[in-house]
> 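Below you will find the structure I want to go over with you.
Atoms within a ligand are numbered from 1 in the order they appear, just like the ligands themselves.
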Amino acid sequence: MATTTKAQEASTTPFSDALRVTEGFVLADRDPHSTPAFDGDKAAGQKALAAADEELDDLQERLYARSRVGVDRQRVLLVVQGMDTSGKGGIMRHVVGAVDPQGVQLTSFKKPTEEELAHDFLWRIRKALPEPGMIGVFDRSHYEDVLVVRVHDLVPQEEWEQRYDVINAFEQELVDDDITLIKVMMHISPEEQKERLQERLDRPDKHWKFNPGDLDERAHWDAYQEAYQAVMDRCSPPGAPWYVVPADRKWYARLAVQQLLLEHLRQLDLEWPEADFDVEAEKARLAAM
Ligand code: AMP
Ligand code: MG
């Protein structure tokens, strides 16, 4: 048997352990420029990202195969939240984009439509939950209903205040239904956001990404950080914790989210499903043809 190294003994889920939000977490204390659980540079980070694509692809196929054959109903839901320019789009392109598109259900949540507003805030969320065997990805989520909604009092405070408990009950339901929930906050600094907004203004090929409304939201930076802190305080139970990913370095944030996904998939023990037919008999039949 191979000897285990010190690093392996230390932890098999280093990114999850380093980034998980537990009781007493203070958002302002997490440095957006840091690279927890990784001590390499940008080049090493990009290499590590590419090197893990194959395993991610393999695990996704196992997840899918098991649901097709009916072994189990497991699925994964990756929730990605963050301020404008925090790199959510890059996660979709560089991390989620490496997975077989047939195994992914991606939903971007925008300002609710009139139809959506006529329903309970979880209505559109429930409709977008992944089927068994799938990896669901939310670009923004039900948390907008306690973030942008709280910052701008889009509903009365009595109403948004109740939503934290509603969200906890909802997520417990998901976990009980074999959904592995991975909630990720892309954590950038206001200085980094300013640079990224500046770049969107300076480069004609990035103008399409700029929304003048982003500047209005930026003006509420502190209120948003408070709202995120409240989410971490109230909606990060041990069974459905948040992971706060330092996101000032895009290469690190992408690697971290990929590794969070991998670490959670590995824990599902995704053995290939056994054939529900007699393999030897079928081989013999084929050989005789
Ligand atoms: P983006 O993700 O940058 O394309 O922008 C989507 C916009 O929709 C963001 O400004 C969000 O804050 C906004 N949004 C998403 N969900 C909600 C919600 N439940 N209520 C109000 N605005 C929302
Ligand atoms: Mg935007």
Side-chain angles (χ1 to χ4, degrees), residues 27 77-97 104-129 136-171 174 183-188 190 192-201 203 205-232 234-235 242 245 247 250 253-254 257:
L27 182 59
L77 177 59
L78 175 67
V79 169
V80 184
Q81 280 289 159
M83 300 290 286
D84 289 311
T85 77
S86 60
K88 299 187 294 296
I91 295 300
M92 301 310 145
R93 199 207 283 221
H94 296 278
V95 180
V96 178
V104 174
Q105 272 175 263
L106 169 65
T107 311
S108 296
F109 291 98
K110 307 288 182 191
K111 199 164 165 275
T113 61
E114 269 186 39
E115 188 192 18
E116 287 169 344
L117 282 176
H119 293 84
D120 167 64
F121 77 102
L122 291 177
W123 181 72
R124 64 176 185 166
I125 306 295
R126 289 184 186 278
K127 285 204 303 178
L129 290 173
V137 182
F138 285 179
D139 176 351
R140 303 189 189 268
S141 66
H142 43 298
Y143 282 96
E144 290 292 323
D145 294 282
V146 286
L147 291 164
V148 63
V149 170
R150 168 178 166 140
V151 168
H152 295 288
D153 278 317
L154 298 181
V155 302
Q157 177 163 0
E158 308 87 79
E159 199 174 329
W160 59 250
E161 276 286 356
Q162 291 170 7
R163 289 182 174 173
Y164 298 94
D165 290 341
V166 173
I167 287 173
N168 286 331
F170 169 63
E171 291 184 353
L174 303 188
K183 302 185 291 187
V184 168
M185 177 198 177
M186 305 288 285
H187 180 43
I188 53 166
E192 180 67 23
Q193 189 195 50
K194 190 167 191 177
E195 275 183 33
R196 291 182 188 180
L197 288 169
Q198 186 72 50
E199 195 185 21
R200 288 183 181 185
L201 286 169
R203 284 177 48 177
D205 64 320
K206 295 218 169 182
H207 286 170
W208 69 275
K209 284 192 185 183
F210 185 83
N211 169 5
D214 292 353
L215 296 188
D216 301 312
E217 294 314 300
R218 177 175 166 78
H220 297 283
W221 187 273
D222 293 342
Y224 270 104
Q225 297 303 301
E226 265 173 48
Y228 271 105
Q229 178 68 54
V231 162
M232 302 305 152
R234 298 168 73 172
C235 299
W242 274 91
V245 173
K250 288 180 182 170
R254 290 168 190 168
V257 176

> Within the 4.5 Å heavy-atom criterion, are R234 and V146 side-chain neighbours or not?
no
> Out of R140, K110, H142, whose heavy atom is nearest to atom 10 (O) of ligand 1?
R140
> Please identify which atoms of ligand 1 are closer than 4.0 Å to at least one heavy atom of F109.
15 (C)
> Any atoms of ligand 1 less than 4.0 Å from a non-hydrogen atom of L154? List them with their elements.
21 (C)
> Charged N to carboxylate O below 4.0 Å: is that the case for R93 and D139?
no
> By the ring-ring contact (aromatic ring centres under 6.0 Å, His included) test, which pairs, at least two apart or in different chains, include something from residues 144-169?
H152-H220
> Looking only at non-hydrogen atoms, find the nearest pair between I125 and F121 and report the distance.
CG1-O, 3.8 Å
> Check contact between R124 and ligand 1, using heavy atoms of the residue and a distance below 4.0 angstrom.
yes
> Which residues pass the side-chain contact (heavy atoms from CB on, under 4.5 Å) test with E115, not counting sequence neighbours?
T113, H119, W123
> For the CH2 atom of W242 and the OH atom of Y143, what is their distance to the nearest 0.5 Å?
5.5 Å
> With atoms numbered from 1 as shown, which atoms in ligand 1 lie under 4.0 angstrom from a non-hydrogen atom of K111?
8 (O), 13 (C), 14 (N), 15 (C), 22 (N), 23 (C)
> In terms of atom number and element, which parts of ligand 1 are under 4.0 angstrom from non-hydrogen atoms of D84?
3 (O)
> So which bit of V149 gets within less than 4.0 Å of ligand 1, heavy atoms only: side chain, backbone, both or neither?
side chain
> Numbering the atoms of ligand 1 from 1, which are under 4.0 Å from a heavy atom of D145?
19 (N)
